[in-house]
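Below is one structure, written out as structure tokens; comments come after it.
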Amino acid sequence: MPPRVRIAPSPTGAPHVGTAYVAQFNRAFARKHGGAFVLRIEDTDRTRSTKESEEAIYAALRWLGLDWDEGPDVGGPHAPYRQSERSEIYREHTAALVEKGAAYRCFCTPERLAEVRERQKAEKSSFFGYDGHCRDLDASESARRAAAGETHVVRLRIPSEGATRFEDLLRKPIEIAHKEMDDQVLLKSDGFPTYHLANVVDDHLMGITHVLRAEEWIPSTPKHLLLYRAFGWEPPVFCHLPLLRNKDKSKISKRKNPVSLEWYRDEGYRPEALRNFLALMGWSPKDETEVFDEARFVAEFEPEDVKTTGPVFDLEKLDWLNGEYIRAMPEDDLANAIVAHVGKDLDREELARIVPLVQERMKRFADFESVADFFYADEVPLAKEEFAAAKKMTDADRVEALKAALALVEAADEVGVDLEPALKEVATERGWKIGPFFMCLRIAITGKRATPPLLESMAVLGKDRCVARLRRAATFLAEE
RNA sequence: GGCCCCUUAGUCUAGCCUGGUCCAGGACACAUGGUUCUCAGCCAUGAAGCACGGGUUCGAAUCCCGUAGGGGCUACCA
């Protein structure tokens, strides 16, 4: 039977890198085995869920290339895939549980719950959680109060004795004693289900065979198992993936890391690079290749090969990987990507000449701005201190150097690498080192010390702009 | 506090299941050198690790126990 897997993001904020991380593993597993990858929107938190966030999740995952086979926007045999549209299903299932006695109504007020929590804290109790106040309410009285419209939630009745044990694809069997669990709320007072209920009901109804989700869910998995049992359903296989971490090893968060997929898109990361990087978090191909494509990932990935240690999200390595991908791009593709990133149309002919000069100098598309800015500037910023980088030359030398170069450029039909021998000759004649001499010109032409090769850059700029910049710099340096 | 998960260099990892071929391999970052008009790229070289303590064994990164450290959960959030 081909596997059916899913991701179940909550539309409560910017599309999260952790969602993409888990999505990619799920999707690869489904693709490899000819199964289905389902996207389900868990919008049962009515106060935090937004339509915008939901749309942003679709857009971000599609940008990354993580498309799904079934979902709210594409439909599928188990629609609807948006939990807010499945309320009736959850209500019916909850009623069945109450009927069986596996769940019960709880009429406790939020205030009472808060008090209980306070008391447990004050008593330094080893148990924190619901105290079971409504657990043994008479069934007919419970039904009467509910019928009278009294506000209540429905809680799962956890057995008081014993423990629930489960197998995780990646770990030794995990067992949690029932006395450590409290009676989890299944249906909130607003009639919407909690994650636990909706998740179990939907996974079952949607035929999910394998649950690959983040390890933060381990502690509540026994509750989910108890639910499967109460319904009389066969539970799926569980595989708890490691949590992405900040540098300090805490769970990845937006305070300590860029976490929104939109940031990565806007910064100019290639989707392939980000996915490659994410795949490397906890997993690696057998031969330890670092750079690989989706086909290879899908062909080799098995969930049981994922490492359980939470990997620290290292932007520096992502930058390196993205640079690798950028360098591997055909120049036309890179030009298109740059135009898309800049958001306005650039002179294509000129851009085609700039691309080879900047390609190996960019780690993100956003770098284009800082690497290629001088090609687009009307005037380049000049500062006396910058010219100090033309070492072992006096200001008078520098002015002279600029003038000499100016004369050569003016005399030439075209500026470009052809000028190199003549320029070197000038430098040698005057007793200037080649390095400092070129540095002096570089700063005049680009305003910076670190740039693409000078003569190639000048060729792109053309004679007129080079003349203007050299002349301006000479004047600038000459005046005190 | 309680419960649960995790532990190979600064970071990502291979090796661990089936102990010896590992005086632990690869990658990022870092350092040095080379190429060179700067930067980048590329090439070469280098520094850096099996958390700790016991045990089992002829032999342990690999098996067992303990300790320490980190993390997660502990909501009518997911």
Side-chain angles (χ1 to χ4, degrees), chain A residues 8-10 12 42-45 47-49 106 108 110 113-114 117 120-121 123-130 151-155 168 170-172 174-177 179-182 184-190 192-196 198-199 214-222 240 242-243 245 247-251 277 280-291 307-321 323 327 357-363 371 389-390 420 423-424 427 433-443 446 448-455:
Chain A
S10 210
T12 54
E42 305 221 330
D43 57 348
T44 56
D45 183 339
T47 61
R48 296 200 305 151
S49 299
C106 169
C108 292
L113 263 20
R117 218 168 291 128
Q120 288 167 339
K121 205 170 256 176
E123 290 170 355
K124 291 192 160 48
S125 164
S126 64
F127 177 80
F128 288 88
Y130 184 58
T151 302
H152 65 276
V153 302
V154 175
R155 290 181 184 272
D168 185 285
L170 298 178
R171 301 150 214 267
K172 298 193 197 76
I174 297 169
E175 181 177 285
I176 297 181
K179 63 175 165 51
E180 301 296 341
M181 309 182 210
D182 71 346
Q184 185 63 55
V185 171
L186 301 177
L187 203 65
K188 303 183 241 183
S189 56
D190 65 0
F192 280 86
T194 58
Y195 170 87
H196 307 283
N199 196 263
E215 81 180 308
E216 56 189 331
W217 295 107
I218 289 177
S220 46
T221 302
H240 289 93
L243 234 25
R245 313 292 185 102
K247 258 202 166 54
D248 64 6
K249 309 273 180 152
S250 56
K251 174 163 85 166
F277 175 71
L280 247 12
M281 303 273 91
W283 183 84
S284 63
K286 283 281 173 281
D287 69 354
E288 292 194 76
T289 302
E290 304 272 337
V291 184
K307 225 173 100 123
T308 46
T309 316
V312 171
F313 194 91
D314 179 13
L315 216 50
E316 272 185 343
K317 184 151 184 176
L318 207 212
D319 278 337
W320 163 75
L321 240 193
R327 270 170 255 131
L357 300 183
V358 299
Q359 183 160 24
E360 65 191 23
R361 293 174 173 74
M362 298 198 310
K363 291 191 184 306
V371 176
E420 189 168 348
L423 284 167
K424 282 184 169 166
K433 292 265 190 211
I434 301 293
F437 173 67
F438 274 92
M439 181 54 80
C440 183
L441 305 187
R442 161 173 292 106
I443 291 167
T446 70
K448 299 188 294 190
R449 304 184 208 192
T451 72
L454 183 61
L455 292 163

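Below, chain A is the first sequence line, B the second, and so on; all start at residue 1. Values below: every heavy atom of this structure, side chains too, minus hydrogens, waters and symmetry copies.
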Give the nucleotide from the list [options] with an atom nearest to the side chain of [X].
X	options	value
A:Glu216	B:C76, B:C37, B:G72	B:G72
A:Asp45	B:C76, B:U8, B:A78	B:A78
A:Trp320	B:G2, B:C28, B:C37	B:C28
A:Asp314	B:C28, B:U13, B:C3	B:C28
A:Arg117	B:G71, B:C37, B:A75	B:A75
A:Val153	B:G72, B:C76, B:C37	B:C76
A:Thr451	B:U38, B:G41, B:C76	B:U38
A:Tyr195	B:A78, B:U38, B:G41	B:A78
A:Glu360	B:G41, B:C73, B:C37	B:G41
A:Pro219	B:C76, B:C73, B:U13	B:C73

Looking at residues at least two apart in the chain, or sitting in another chain, which of them share a ring pair (Phe, Tyr, Trp, His ring centres under 6.0 Å) with A:Trp320?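 Partners of A:Trp320 under the ring pair (Phe, Tyr, Trp, His ring centres under 6.0 Å) test: none.
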
Over all strands shown, is [X] touching base, sugar-phosphate only, or nothing at heavy-atom distances under 4.0 angstrom?
X	value
A:Pro9	nothing
A:Gly282	sugar-phosphate
A:Leu321	nothing
A:Pro436	nothing
A:Cys108	base
A:Leu280	sugar-phosphate

Kindly say if [X] contacts the phosphate of [N], meaning a side-chain N or O under 4.0 Å from OP1 or OP2.
X	N	answer
A:Lys448	B:A40	no
A:Lys424	B:C37	yes
A:Thr309	B:U7	yes
A:Ser126	B:C3	no
A:Lys251	B:C73	yes
A:Lys317	B:G10	no

What is the distance from [atom1] of [X] to [atom2] of [N], rounded to the nearest Å?
X	N	atom1	atom2	value
A:Lys249	B:U7	NZ	P	11 Å
A:Glu288	B:A14	CD	C1'	4 Å
A:Phe277	B:A29	CZ	P	12 Å
A:Asp182	B:A75	CG	P	7 Å
A:Phe313	B:G10	CZ	P	21 Å
A:Leu441	B:U36	CG	P	19 Å
A:Asp43	B:A78	CG	P	10 Å
A:Met362	B:G41	CE	P	13 Å

Using atom [atom1] in both nucleotides, what's the gap between [N] and [M] to the nearest angstrom?
N	M	atom1	result
B:G25	B:A9	P	14 Å
B:U32	B:C65	P	47 Å
B:G41	B:C23	P	34 Å
B:C39	B:A47	C1'	25 Å
B:A27	B:C43	P	10 Å
B:C17	B:U7	P	15 Å
B:A60	B:G20	C1'	9 Å
B:U36	B:A31	P	22 Å

Distance check, rounded to the nearest 0.5 Å: [X] atom [atom1] versus [Y] atom [atom2]?
X	Y	atom1	atom2	result
A:Met439	A:Lys433	CE	NZ	15.5 Å
A:Leu186	A:His196	CG	NE2	8.5 Å
A:Asp287	A:Glu290	CG	CD	10.0 Å

Do any N or O atoms from the side chain of A:Lys188 and from the backbone of A:Thr44 form a donor-acceptor pair under 3.5 angstrom?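 Yes, because the side chain of A:Lys188 sits within donor-acceptor range (under 3.5 Å) of the backbone of A:Thr44.
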
Any side-chain to backbone donor/acceptor pair from A:Asp168 onto A:His240? Under 3.5 Å, distance only.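 Judged by distance alone, yes, a pair lies under 3.5 Å.
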
Under 3.5 Å, is there any donor-acceptor pair linking the side chain of [X] to the base of [N]?
X	N	value
A:Arg442	B:C37	yes
A:Arg449	B:C39	no
A:Glu290	B:G26	yes

State plainly whether the residues A:Arg48 and A:Asp45 are in salt-bridge range, i.e. N to O under 4.0 Å.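 The answer is yes: the pair qualifies as a salt bridge.
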
Does this structure show an ion pair linking A:Glu215 with A:Arg245, if we count only N-O contacts that are shorter than 4.0 Å?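 Yes, charged N to carboxylate O under 4.0 Å.
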
If [N] has a Watson-Crick or G-U wobble mate with both distances under 3.5 Å, name it; if not, just say none.
N	answer
B:G19	none
B:C63	B:G55
B:C3	B:G72
B:G46	B:C30
B:C77	none
B:G41	B:U35

Parallel, tilted or perpendicular: rings of A:Trp217 and A:Tyr195 (30°, 60°):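 Because their plane-to-plane angle is under 30°, the rings of A:Tyr195 and A:Trp217 count as parallel.
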
Please find the pair of heavy atoms, one from A:Pro436 and one from A:Ala390, that lie closest to each other, and give the distance.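 Closest heavy-atom pair between A:Pro436 and A:Ala390: O-CB, 3.4 Å.
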
